[in-house]
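Report on one structure; see the data block that follows.
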Amino acid sequence: MPEGDTVLQTATRLHQALAGQVLTRSDLRVPRFATADLSGRTVLDVTARGKHLLTRIEGGLTLHSHLRMDGAWRVYAPDERWRGGPGHQIRAILANTEHTAVGYRLPVLELLRTSEEDRAVGHLGPDLLGPDWDPGRALDRLLAAPERPLGEALLDQRNLAGIGNVYKCELCFLARVTPWLPVGALPDGALPRLVTLAERLLNANRDRPTRTTTITSELRTPPGPPSPPSSTPAPSATAATPATARAPARPRAPQPVRVQERLYVYGRARRPCLRCGTPIRLADQDDRPTYWCPGCQSGPTP
């Protein structure tokens, strides 16, 4: 699922493939821009702004795209087979002599003046992975609506840009509160710590191929088989014991095993919590699947 960290990785791949190169082909497969031809122009840079992608092109133009839930950009060599999906899902093609970037299932794709980028991203709060990151400003925006459920506030890109549904669930778990708890009901000091943790987690994952929010591997003890009933009667207290007799072997206790789980709660419905063993719960919040542990997280639930 695209979130701030994976969008930044996409921007990096596109920048490496396109920046400084002249476009030999452009094809924008959306009705409004179907006749736009960017061929012959140089791509200046590709940058991420929260969960938005801005491809800046010579002549003061910016191609703005957003991946939302299912969108993706793929980069291919000239003779490489395209594998991002069927042809009817392609929304954009940008090619130079060395690489071809193909945008699949892009719900947002528009060509605008670079000087007017604020029309697309000016509403965003401080970017958790950007040079404008300002935890104080993000905190002020979150606290502006203290009655709002924490999960909804974290997803609102006007408060802070880059958090998606996975990080929403994981951050609420790490804060030990449910996503339905109002922002203003968090314990003293919890919200500043949560904002700091959000920045740390996204930065920790900015270069990882697989998102990880667990700080360390978790110790879990698997249930062992029940001890078999003994068919030999217990010796009496006065019975003589031969010197060579051995005491019956005791069943070995199950040993803790180290299991690496990449996420604490997201996608783990009905599986045991890594901390307390309580089954993880799943419900919708604002039409998004939301995971939490009823044993570790306090606050209202559906």
Pairwise distance CG(L174) to OG1(T214) - rounded to 0.5 angstrom: 9.5 Å
Test: R268 cationic atom under 6.0 Å from Y291 six-membered ring centre, within 45° of axis: no
Salt bridge (charged side-chain N to carboxylate O under 4.0 Å, His left out) between R74 and E80, intermediate numbers included: CA-CA 11 Å; R74 299 283 186 261; E80 188 177 357; over 6 Å; no
Side-chain (S39) to main-chain (L23) donor-acceptor, under 3.5 angstrom: no
Student check: side-chain heavy atoms of E117 and R56 closer than 4.5 Å: yes
Nearest-0.5 Å distance that lies between atom CG in L194 and atom CG in L154: 5.5 Å
Close side-chain approach of D132 to R137, heavy-atom, < 4.5 Å: yes
Over 12 non-hydrogen atoms of neighbours within 6.0 angstrom of CZ in R158: no
Remaining members of the apolar cluster that contains Y76, side-chain heavy atoms under 4.5 Å: W82, I90, I93, V102, Y104
Counterpart residues, side chain to side chain contact (heavy atoms under 4.5 Å, CB included), relative to V30 (two or more places apart): F33, R91, L109
Plane angle bin for H52 and H66 - parallel if under 30°, tilted between 30 and 60°, otherwise perpendicular: perpendicular
Check: N96 side chain, A17 main-chain N or O, donor-acceptor pair, under 3.5 Å: yes
L44 CG to L18 CG distance, which is reported to the nearest 0.5 Å: 11.5 Å
Check against side chain to side chain contact (heavy atoms under 4.5 Å, CB included), T178 and C172: CA-CA 6 Å; T178 70; C172 289; over 6 Å; no
Atom pair NE2 (H64) and OG1 (T62), whose distance is rounded to the nearest 0.5 Å: 10.0 Å
